[in-house]
There are 2 protein chains.
Amino acid sequence: MAKAAIIDIPEARAFILHWGEMGSQWGVNRSVSQVHALLYLSKEPMHAEDICETLGLARSNVSTALKELQSYGIVSRTHLIGDRRDHFEAELDLWDMLMKIVIERKKREIDPTIQTLSDLTDQLAARDDVPEHVRERIGRMHQFLGTLGGWYDDVRRLPRPTLVALMKMGGKVARFIPVRSQSGGTKH
Amino acid sequence: MAKAAIIDIPEARAFILHWGEMGSQWGVNRSVSQVHALLYLSKEPMHAEDICETLGLARSNVSTALKELQSYGIVSRTHLIGDRRDHFEAELDLWDMLMKIVIERKKREIDPTIQTLSDLTDQLAARDDVPEHVRERIGRMHQFLGTLGGWYDDVRRLPRPTLVALMKMGGKVARFIPVRSQSGGTKH
DNA sequence: TTGTCCTTTCGGTAAAAACGGAAATATGAG
DNA sequence: CTCATATTTCCGTTTTTACCGAAAGGACAA
């Protein structure tokens with residue numbers, strides 16, 4: 001009897017399918033997310049052919065998906081002795097995984113947007129026939145995204161245990177913020 | 001001479017176009033993001049017909065887009081005296097805007113995923129023919145998303161100035177986390 | 001109530017994205 | 001070097017999604 005494949009477990013199949021759906025909601029190719037989900041569940045690194053058969057996808061498709069996942073840094077290549085084929089395994093630490101996804105999407109989509117807004121802000125500053133509120137709103141968006149991006153660049157460097165501790169605190173971190181006139185400061 | 005429309009400002013047009021592109025990268029319909037960008041730049045609330053002409057979109061398309069933006073809570077209807085038509089304006093507070101977008105996407109995509117993972121975890125617990133690592137990894141993902149979701153539900157209730165202050169602190173919030181054995185604690 | 005104006009829904013079409021298969025390229029063993 | 005095997009690129013097909021126009025569905029004034 002052949003070793004039971006992951007895909008034969010209904011719950012695993014459901015997981016992979018759902019992950020694919022969710023990915024596509026976030027602008028990620030369905031095949032890419034499915035391959036990711038499969039590798040996340042796989043105990044051993046898998047080679048491309050194996051992934052194809054398991055998910056019923058074309059080889060080319062899997063190849064592209066793997067490249068994409070590697071560019072995110074959440075899947076890596078390994079080699080098994082006596083086997084020429086590339087094998088692939090997923091990042092198993094979910095914190096690291098999330099951080100890598102966020103950093104990559106920031107790099108791809110947010111940073112260029114900030115750059116564009118920066119340019120537009122400059123161009124608008126050099127004009128005098130533009131309604132003030134337009135200049136102001138684009139400028140504000142620029143500043144906002146810049147702040148957000150800077151914040152992420154900052155906190156992602158924190159050691160993981162610190163990050164976990166911060167998250168577990170939730171809203172309680174607010175205790176440490178100097179109170180001006182808002183509620184939610186020190187309660188007693 | 002007619003009042004110069006926003007769309008005649010090249011920088012505004014670039015902003016709207018870019019916003020549309022970025023939206024589509026995140027799984028948001030391009031028309032939806034464009035309408036949002038336009039309303040964000042508009043000083044006055046606009047009615048649907050006006051939006052159509054400005055962006056060159058069909059009436060039906062704009063109607064759908066407005067509905068979507070309202071469901072996110074980042075665009076609202078208003079009425080002008082002496083005008084039966086609905087008028088629309090965008091949320092101008094970018095913090096509020098972001099919070100609303102995130103809460104809505106969480107509701108639509110993350111929460112159902114957590115639910116699914118919860119179900120799968122239960123089902124897996126009732127089986128004894130499933131590799132341990134599969135059970136464990138799905139369970140871990142469930143827990144991870146739950147923690148993340150809980151954290152967001154928590155911090156989003158903080159007063160806005162507190163949130164802004166926290167963000168401005170960036171990684172410095174880590175000062176307040178009890179140090180175990182990691183770097184990044186109190187530096188001096 | 002009736003007509004006008006405004007909005008939404010619906011069905012078909014057009015555009016875009018995903019996908020598969022074949023061909024091309026690369027890698028490594030002998 | 002040559003062959004066998006693994007991987008990627010390219011291009012045509014399929015599937016999905018976005019979009020428009022027409023028709024239906026309200027709301028309000030007269």
Side-chain angles (χ1 to χ4, degrees), chain A residues 16-39 44-72 75-89 105 108-109, chain B residues 16-17 19-39 44-72 75-89 108-109:
Chain A
I16 291 167
L17 257 24
H18 185 97
W19 206 245
E21 281 310 308
M22 195 179 56
S24 71
Q25 297 269 296
W26 289 91
V28 177
N29 183 305
R30 181 176 286 113
S31 304
V32 172
S33 337
Q34 284 188 359
V35 170
H36 179 235
L38 173 60
L39 290 175
E44 316 293 342
M46 297 177 76
H47 62 265
E49 192 66 38
D50 208 351
I51 297 172
C52 294
E53 284 169 22
T54 307
L55 297 178
L57 297 174
R59 193 53 222 285
S60 51
N61 204 1
V62 169
S63 178
T64 310
L66 287 168
K67 212 170 128 193
E68 177 73 351
L69 289 166
Q70 282 174 282
S71 79
Y72 270 98
V75 158
S76 55
R77 281 195 326 182
T78 57
H79 287 94
L80 274 58
I81 40 163
D83 195 334
R84 279 173 53 185
R85 294 170 295 187
D86 294 339
H87 285 64
F88 301 89
E89 58 189 347
R105 295 210 71 151
R108 294 185 191 184
E109 294 139 24
Chain B
I16 291 168
L17 256 25
W19 206 246
E21 280 310 309
M22 195 178 58
S24 71
Q25 297 269 296
W26 290 90
V28 177
N29 184 306
R30 182 175 287 111
S31 304
V32 172
S33 335
Q34 285 186 358
V35 170
H36 179 236
L38 173 60
L39 290 176
E44 318 292 343
M46 297 178 75
H47 61 264
E49 191 65 39
D50 207 351
I51 298 172
C52 293
E53 284 169 21
T54 306
L55 297 178
L57 298 173
R59 192 54 225 285
S60 52
N61 201 6
V62 169
S63 177
T64 309
L66 287 168
K67 211 170 128 194
E68 177 74 352
L69 289 165
Q70 282 174 282
S71 79
Y72 270 98
V75 158
S76 55
R77 279 195 327 181
T78 57
H79 287 94
L80 274 58
I81 40 165
D83 194 335
R84 279 174 51 185
R85 295 170 295 187
D86 293 340
H87 286 66
F88 301 89
E89 59 189 347
R108 294 186 191 185
E109 292 138 25

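Model, not experiment: these values are computed from the prediction.
- Contacts classified as salt bridge (charged side-chain N to carboxylate O under 4.0 Å, His left out) and involving residues 22-35 of chain A (residues at least two apart or in different chains) are given here: A/E21-A/R30.
- For A/R84, there are no salt bridge (Lys or Arg N to Asp or Glu O under 4.0 Å) partners, not counting sequence neighbours.
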Enumerate donor-acceptor pairs with a distance under 3.5 Å from any side-chain N or O in residues 55-65 of chain B to protein atoms, sequence neighbours excluded.
| from | atom 1 | to | atom 2 | distance (Å) |
| --- | --- | --- | --- | --- |
| B/N61 | ND2 | B/S31 | OG | 3.2 |
| B/T64 | OG1 | B/S60 | O | 3.0 |

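- A straight line from CG of B/D83 to C1' of C/dC5 spans 11 Å, rounded to a whole angstrom.
- With sequence neighbours excluded, the residues forming a salt bridge (Lys or Arg N to Asp or Glu O under 4.0 Å) with A/E109 are A/R105, listed by chain and number.
- The CG-C1' distance, from B/D50 to C/dT7, rounds to 16 Å in whole Å.
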Treating primed atoms plus P, OP1 and OP2 as sugar-phosphate and everything else as base, which nucleotides of nucleotides 8-20 of chain C get B, S or - for protein heavy atoms under 4.0 Å? BB--------SSB
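- Taking atom CD1 of B/I51 as the reference point, atom C1' of D/dC20 lies 17 Å away to the nearest angstrom.
- Rounded to an integer number of Å, the gap from NE2 of B/H87 to C1' of C/dC5 is 13 Å.
- If you measure from atom CD of A/E68 to atom P of D/dT7, you get 19 Å, rounded to the nearest angstrom.
- Rounded to whole Å, the distance from CD on B/E53 to P on C/dC6 is 12 Å.
- For A/H87, the ring pair (Phe, Tyr, Trp, His ring centres under 6.0 Å) partners are A/H47, not counting sequence neighbours.
- In this structure, OG1 on B/T54 lies 10.0 Å from CD on B/E49, to the nearest 0.5 angstrom.
- Listed by chain and number, the residues in a salt bridge (Lys or Arg N to Asp or Glu O under 4.0 Å) with B/R77 are B/D86 (sequence neighbours excluded).
- For A/S76, there are no side chain to side chain donor-acceptor pair (under 3.5 Å) partners, not counting sequence neighbours.
- Computed from coordinates, the B/H79 NE2 to C/dC6 P distance equals 11 Å when rounded to whole Å.
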Protein-nucleotides 27-30 of chain C N/O pairs under 3.5 Å:
| from | atom 1 | to | atom 2 | distance (Å) |
| --- | --- | --- | --- | --- |
| C/dT27 | O2 | A/R84 | NH2 | 2.7 |

